[in-house]
Amino acid sequence: MNHIHSSTKEYDAIIVGAGFSGLYQLICLRDQLGLKCVVLETGDDVGGTWYWNRYPGARCDTESHAYSYYFSDELLKEWTWSERYPGHEEIREYMNFVASKFDLKKDILFKQKVTSAKFIEDSNNWNVKTDNNNFKCKFLITAVGCLSNTNIPKIKGLENFEGSYYHTGNWPKNGVSFVNKTVGQIGTGSTGIQAVPVIAAEAKHLTVFQRTANYSIPARNKPLTEEFKKQVKENFQNYKDLIKRTPNAHPFEISDRLVSDVNSEEMNQIYEKAWEKGGLQFRAAFNDLVTNFEANKTASDFIKNKINETVLNKKFASILSDIDHPYAGKRPPIDSNYFETYNRDNVNLIDLRRDPIKCINKNGIETEKNNFDLDIIVFATGYDAMTGPLLNMNILGKNNLKLKNDWKEGPKTFLGLQIPGFPNLFTVTGPGSPSVLTNMPMAIEQHVEWIRDCISFMIKKEYTTIEARSNLAKKWGKEVNRVANKTLLPTVKHSWYLGANIPGKPRVFMPYAGGLPRYSKICDDVKKNNFEDFILA
Ligand code: N01
């Protein structure tokens, strides 16, 4: 028997999360299909991942003119970015601009953290609970982001630390002052590499604790010229076409050329040019950088040389360039003066491979060989990515099937959009979809529109439920693995793409690496086939 609280609020669709996905999903379902919708958001404003990521230096690695919604020409004309890469404040401004343009906030409930969602078979509804409210809906759409479940590693003694500590993905709204502070930062992923130069410029002293050395390419961020801004506005259709046809939805083509097509002098010139240009585009200099170890080694060696040239302290240079994975085998960071920062007098670097952290004590971090007294510890230690935010919601499907149990050995989805046993639940950029391997807003738009079209089809055909088929989900899981294995990505055994950063998490390659255009075609074919790959009832 299903007991629904007397004040249960009923909707056609509930969307969880008010980031890029949630806002556009609301526009699609409310304004285009006329459904009664609500967005439930934990924070007190829109922004999603960018609501929480306010750490020093937080900036998107995708160029601003591509890191935008492309569904509305009007919006593209009205909004103008100021820098090559958008900073976190400007992204939040953009999202607020979108929210007010489409009058979205009236249908967003803030400070509503979803604590459970249960499918009720008698009525084919979802019951959704937050800390203080009960909701009921027909369609439940998770728009919770892939990198929203922060990971503070369980280091012995953290509770004894008398200073302050922060995770970059849950940064205080009013910021943190590092003035006159002795700071320790753990983690040198994309986030850590952005934070180090900014913290070092403000703090009395910064010690960086590096476990795995990482590549980084200069971002070469700069204010956009009036000419470029004008050019983008006049050519957004061309940009849209370009972004939609490239595998990672970035605004640049991947070269057809193989490393073996050029001699070493030409190769170096190509890398130099790409280094000067900066940004994620570096990996597009040759076609085989992410598929061929030998080709990749030329890029990896080039970057290691740059690190050694830049970092004057030879010990630091050797720690930073001691990289044991192929370039872009993990998500490649880009930076503003990251390696240069190690030339400052107030920066120290500890190689945790040689001197691991033993514990945290009341004064700071204790490694096997040293003690570091600290006022502040910054955890740039990443996320329980992709599956974490979904598993956090305590989702129960048919027959009381707990998502947590169902995914014990790894996520099972069809196209990253639906999960067998969980009817009418849609997962925007869920595991098994291109998501984190792409420029996110593009992957989001594709998913959100597909979900809109699917729900519209169901309404027209008077179907009550849609559910992924188990056999097709299994087949899709194999396909996700097959395409990943054509690249070097799964060879990096400590990568978060494989869940390896979270103790006990199953090692499964989670995103679809076959590219957004190919993936979109697969989804479009399913749609053309009247969604027959799903169980419709
Ligand atoms: O997290 P990460 P991130 N002891 O998991 C270290 C996106 N992003 O927040 O490599 C010591 O990559 C860990 O070491 P190791 C982007 O997709 C986007 O930096 O596991 N160290 C690593 O150095 C990115 O990939 C933008 O050995 C520990 C670091 O912490 C994703 O977010 C900007 C440790 C974690 O790196 C995540 O990046 C920034 C421990 N116990 C980020 N545990 C945009 O542009 C972890 N580490 C949109």
Side-chain angles (χ1 to χ4, degrees), residues 53 55-61 147 150-153 155 165-169 171 178 183-203 205-219 280 282-283 300 303-304 306-308 310-344 346-357 360 364-365 367 370 372 374 376-383 385 436 492-498 500-502:
N53 276 270
Y55 60 87
R59 182 177 293 288
C60 185
D61 289 346
L147 295 156
T150 54
N151 166 44
I152 294 193
I155 299 175
Y165 69 89
Y166 307 95
H167 189 284
T168 49
W171 204 256
F178 293 100
V183 184
Q185 179 181 306
I186 304 176
T188 52
S190 299
T191 300
I193 280 176
Q194 286 184 333
V196 160
V198 186
I199 296 177
E202 186 176 305
H205 190 271
L206 170 68
T207 302
V208 180
F209 296 87
Q210 172 195 284
R211 187 165 66 183
T212 305
N214 214 342
Y215 301 97
S216 185
I217 306 293
L280 292 172
F282 188 88
R283 72 183 155 177
S300 301
I303 304 167
K304 288 178 187 178
K306 287 286 183 195
I307 300 171
N308 281 305
T310 309
V311 181
L312 304 176
N313 176 321
K314 290 301 147 209
K315 186 176 143 210
F316 289 178
S318 141
I319 296 170
L320 291 163
S321 61
D322 185 16
I323 312 173
D324 56 8
H325 60 271
Y327 164 66
K330 294 205 288 185
R331 160 68 153 70
I334 64 173
D335 69 276
S336 298
N337 295 324
Y338 175 63
F339 294 116
E340 289 82 350
T341 299
Y342 291 95
N343 295 336
R344 294 177 64 103
N346 69 334
V347 176
N348 187 14
L349 173 67
I350 300 304
D351 180 1
L352 295 180
R353 294 247 170 123
R354 289 192 177 81
D355 186 14
I357 294 177
I360 293 177
I365 294 179
T367 59
N370 282 296
F372 300 88
L374 303 167
I376 297 176
I377 301 175
V378 174
F379 286 95
T381 43
Y383 298 86
V436 292
V492 186
K493 295 300 174 206
H494 60 274
S495 143
W496 61 257
Y497 292 151
L498 276 161
N501 62 328
I502 302 296

Closest approach of [X] to [Y] (non-hydrogen atoms, all atoms of both residues):
X    : Y    : result
P333 : N214 : CG-ND2, 3.7 Å
V347 : T341 : CG2-O, 3.6 Å
A219 : I334 : CB-CD1, 3.8 Å
P56  : W171 : CD-CZ2, 3.5 Å
A200 : N346 : O-ND2, 2.9 Å
Q194 : R59  : NE2-O, 2.7 Å

Does any N or O in the side chain of [X] come within less than 3.5 Å of the main-chain N or O of [Y], such that one atom is a donor and the other an acceptor?
X    : Y    : answer
D355 : D351 : no
N151 : I502 : no
Q185 : A195 : no

*May I have all residue pairs that pass salt bridge (Lys or Arg N to Asp or Glu O under 4.0 Å) and include part of residues 185-203, sequence neighbours excluded?*
none
Interatomic spacing from [atom1] in [X] to [atom2] in [Y] - rounded to 0.5 Å:
X    : Y    : atom1 : atom2 : answer
K306 : S216 : NZ    : OG    : 13.5 Å
F339 : T310 : CZ    : OG1   : 7.5 Å
K314 : S321 : NZ    : OG    : 9.0 Å
S495 : N501 : OG    : CG    : 8.0 Å
T367 : L352 : OG1   : CG    : 8.0 Å
I152 : T381 : CD1   : OG1   : 6.0 Å

Set of ring-ring contact (aromatic ring centres under 6.0 Å, His included) partners for [X], sequence neighbours left out:
X    : value
F316 : none
F372 : F209
Y338 : Y342
H167 : Y383

_Test side chain to side chain contact (heavy atoms under 4.5 Å, CB included) applied to F379 and T191, I155, T150, T168, the passing residue_ =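 Exactly one candidate clears the test, I155.
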*Pick from V196, V311, N313, L320: which one makes a side chain to side chain contact (heavy atoms under 4.5 Å, CB included) with L349?*
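Answer after filtering V196, V311, N313, L320: L320.
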Checking [X] now: which residues fulfil salt bridge (charged side-chain N to carboxylate O under 4.0 Å, His left out) with it, not counting sequence neighbours?
X    : answer
D322 : R354
R331 : D61
K330 : none
R344 : none

*Could you go step by step and tell me if I365 and I350 meet the side chain to side chain contact (heavy atoms under 4.5 Å, CB included) rule?*
CA-CA 11 Å; I365 294 179; I350 300 304; over 6 Å; no
*Taking atom types as modelled and ignoring hydrogens, do the side chains of T188 and R211 form a donor-acceptor contact shorter than 3.5 angstrom?*
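Result is no, nothing qualifies.
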With sequence neighbours excluded, residues passing side-chain hydrogen bond (donor to acceptor under 3.5 Å, both in side chains) with [X]:
X    : result
Y215 : S300
T207 : none
N343 : none

*I would like to know whether Y55 and V378 meet side chain to side chain contact (heavy atoms under 4.5 Å, CB included); could you show each step before the answer?*
CA-CA 9 Å; Y55 60 87; V378 174; over 6 Å; no
*Could you check I376 against I199 for side chain to side chain contact (heavy atoms under 4.5 Å, CB included), going step by step and ending with a plain yes or no?*
CA-CA 11 Å; I376 297 176; I199 296 177; over 6 Å; no
